[in-house]
Protein chains: 2
Amino acid sequence: MGNKSTRDHIVESADQLFYQQGFEHTSFADIAGVVKISRGNFYYHFKSKDEILDAVINLRLTDTAKMLGLWDGMSETPADRIRSFINILVTNRAKIKQHGCPVGTLVNELARLDHAAKSNASKIFSLFRGWLSKQFLQMGCGGESDGLAMHLLARSQGVASLATAFQDEAFIYLEVKQMNDWLDKCIKAHPLPEIQAPQV
Amino acid sequence: MGNKSTRDHIVESADQLFYQQGFEHTSFADIAGVVKISRGNFYYHFKSKDEILDAVINLRLTDTAKMLGLWDGMSETPADRIRSFINILVTNRAKIKQHGCPVGTLVNELARLDHAAKSNASKIFSLFRGWLSKQFLQMGCGGESDGLAMHLLARSQGVASLATAFQDEAFIYLEVKQMNDWLDKCIKAHPLPEIQAPQV
DNA sequence: CTAAAAATAGGACAACCGTCCTACACGACG
DNA sequence: CGTCGTGTAGGACGGTTGTCCTATTTTTAG
């Protein structure tokens with residue numbers, strides 16, 4: 001019951017290693033060392049390394065969807081939900097400083113290798129994009145919503161990238177504050193007519 | 001005279017390949033195939049792959065410094081010089097869409113591999129950072145200059161990252177326009193007292 | 001308890017990696 | 001002509017990679 005299957009162990013360990021070391025730089029021996037499994041036994045669970053990658057991507061997809069669902073239930077206003085997104089930069093600042101954004105690094109690595117799973121990996125980005133877009137739409141941003149979602153996604157990626165390059169956590173705090181300020185401006189620019197207080 | 005040395009050929013080819021395929025994914029055989037040189041002969045010019053990496057980083061450092069110097073001589077106002085920086089996103093949009101930002105991808109790959117040259121590579125970022133900071137300072141942004149430089153650098157990185165992930169050149173144009181608008185606001189927020197037109 | 005099935009261990013394999021070594025080509029200079 | 005230094009070619013080397021195969025153990029089902 002509480003026992004995770006070996007397969008799940010493999011996928012979770014590969015997930016972490018792919019994040020910390022990259023997909024290509026992670027070998028079967030590395031994963032086997034963590035899971036404490038024989039190298040040969042791998043091919044009982046997965047036919048190839050790419051199959052493990054697919055499983056990892058699917059895990060991240062479901063985990064992400066789960067997290068977004070959680071945020072949906074946690075906050076009342078769409079703006080607060082967007083703030084949940086912005087704040088993962090602060091929450092994961094230590095790991096981001098070391099290894100960058102889990103999503104961005106994987107997608108960009110696969111794009112560079114021209115790997116078959118690259119489009120699959122970018123679906124994780126699409127998940128965030130669609131979710132953010134939905135929140136902006138609920139805020140009343142209309143046709144600009146998708147653009148705003150992409151904008152916020154891009155800024156997050158940029159912050160993660162530079163925090164890694166310069167080994168700078170303080171920069172994350174600085175930019176997160178700016179993003180929150182930017183969001184405040186968005187709110188003021190789009191007063192929600194349907195939620196306005198009823199006129200006496 | 002016009003003849004490039006074999007060593008230069010190697011460095012330039014490695015530079016391109018490192019950009020297109022990544023450092024780790026580029027083998028000696030790959031470089032040898034482009035330069036049309038024997039694999040063994042490599043070690044007459046470089047003692048190790050890391051030495052080639054150092055040479056590539058140094059090449060990029062000097063090339064970048066050269067470009068920044070060119071921009072210094074090209075534009076009259078610091079704001080125009082910053083616009084030169086912003087516009088490389090548009091100029092290189094096709095390559096960025098395919099392989100991402102040459103600087104960011106290398107720095108992040110080396111950071112992830114925990115490679116010895118990672119700090120060396122991030123000097124390229126520092127070059128841009130210092131140069132941008134100088135421009136903002138000349139614009140009268142004072143103590144905020146470095147923060148503004150980092151902010152612009154981060155946004156560029158984010159745009160490049162998402163343009164690659166989503167294979168979207170149009171997004172580059174969109175964000176470049178926003179960055180230029182943002183710069184306009186910076187100009188208005190910091191009227192240069194010392195360059196104001198002389199009062200009759 | 002026994003037989004089938006699921007899971008694991010360990011190693012063989014061909015290919016590739018970065019590294020290194022030795023032999024050869026070639027022009028310069030005496 | 002011969003010698004020397006520079007540059008090149010080609011292959012050997014030990015190690016690692018992803019993949020695959022075959023025994024052996026462990027678990028399950030009748």
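Since the model is a prediction, treat every value here as computed from it, not as a measurement. Throughout, a chain's letter reflects where its sequence line sits, starting with A, and its residues are numbered from 1.
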Sequence neighbours excluded, the answer for side chain to side chain donor-acceptor pair (under 3.5 Å) partners of D15(A) is R60(A)
| Is the distance between the ring centroids of F128(A) and F85(A) under 6.0 Å? | yes
>> When you measure from the side-chain N and O atoms of S48(B) to the phosphate of dG18(C), is any distance below 4.0 Å, counting only OP1 and OP2?
In response: no
note: K49(B), atom NZ; dT16(D), atom P; distance rounded to Å ~ 16 Å
Quiz item: Is R93(A) salt-bridged to D168(A), going by a charged N under 4.0 Å from an acidic O?
Solution: no
**Asked** Should R39(A) and D30(A) count as an ion pair when the cut-off is N to O under 4.0 Å?
**Response** no
TODO: Return no unless some side-chain N or O of Y44(B) is found under 4.0 Å from OP1 or OP2 of dT8(D).
DONE: no
Taken to the nearest whole Å, CZ/F46(B) to C1'/dC20(C) is 17 Å
Atom OH of Y43(B) and atom C1' of dC13(D) are separated, to the nearest Å, by 13 Å
Ring centre gap for H115(B) and F23(B) strictly below 6.0 Å:
yes
Between NE2 of H45(B) and P of dT8(D) the distance, given in whole Å, is 5 Å
Taking OP1 and OP2 of dG7(D), is either one under 4.0 Å from a side-chain nitrogen or oxygen of T6(B)?
no
**Request:** Check whether the ring centres of F28(A) and F46(A) lie less than 6.0 Å apart, and answer yes or no.
**Result:** no
Within residues 20-42 of chain A, those residues having any heavy atom closer than 4.0 Å to DNA chain C are I37(A), S38(A), G40(A), N41(A)
In whole angstroms, the gap separating C1' of dA7(C) from CD1 of I10(A) amounts to 11 Å
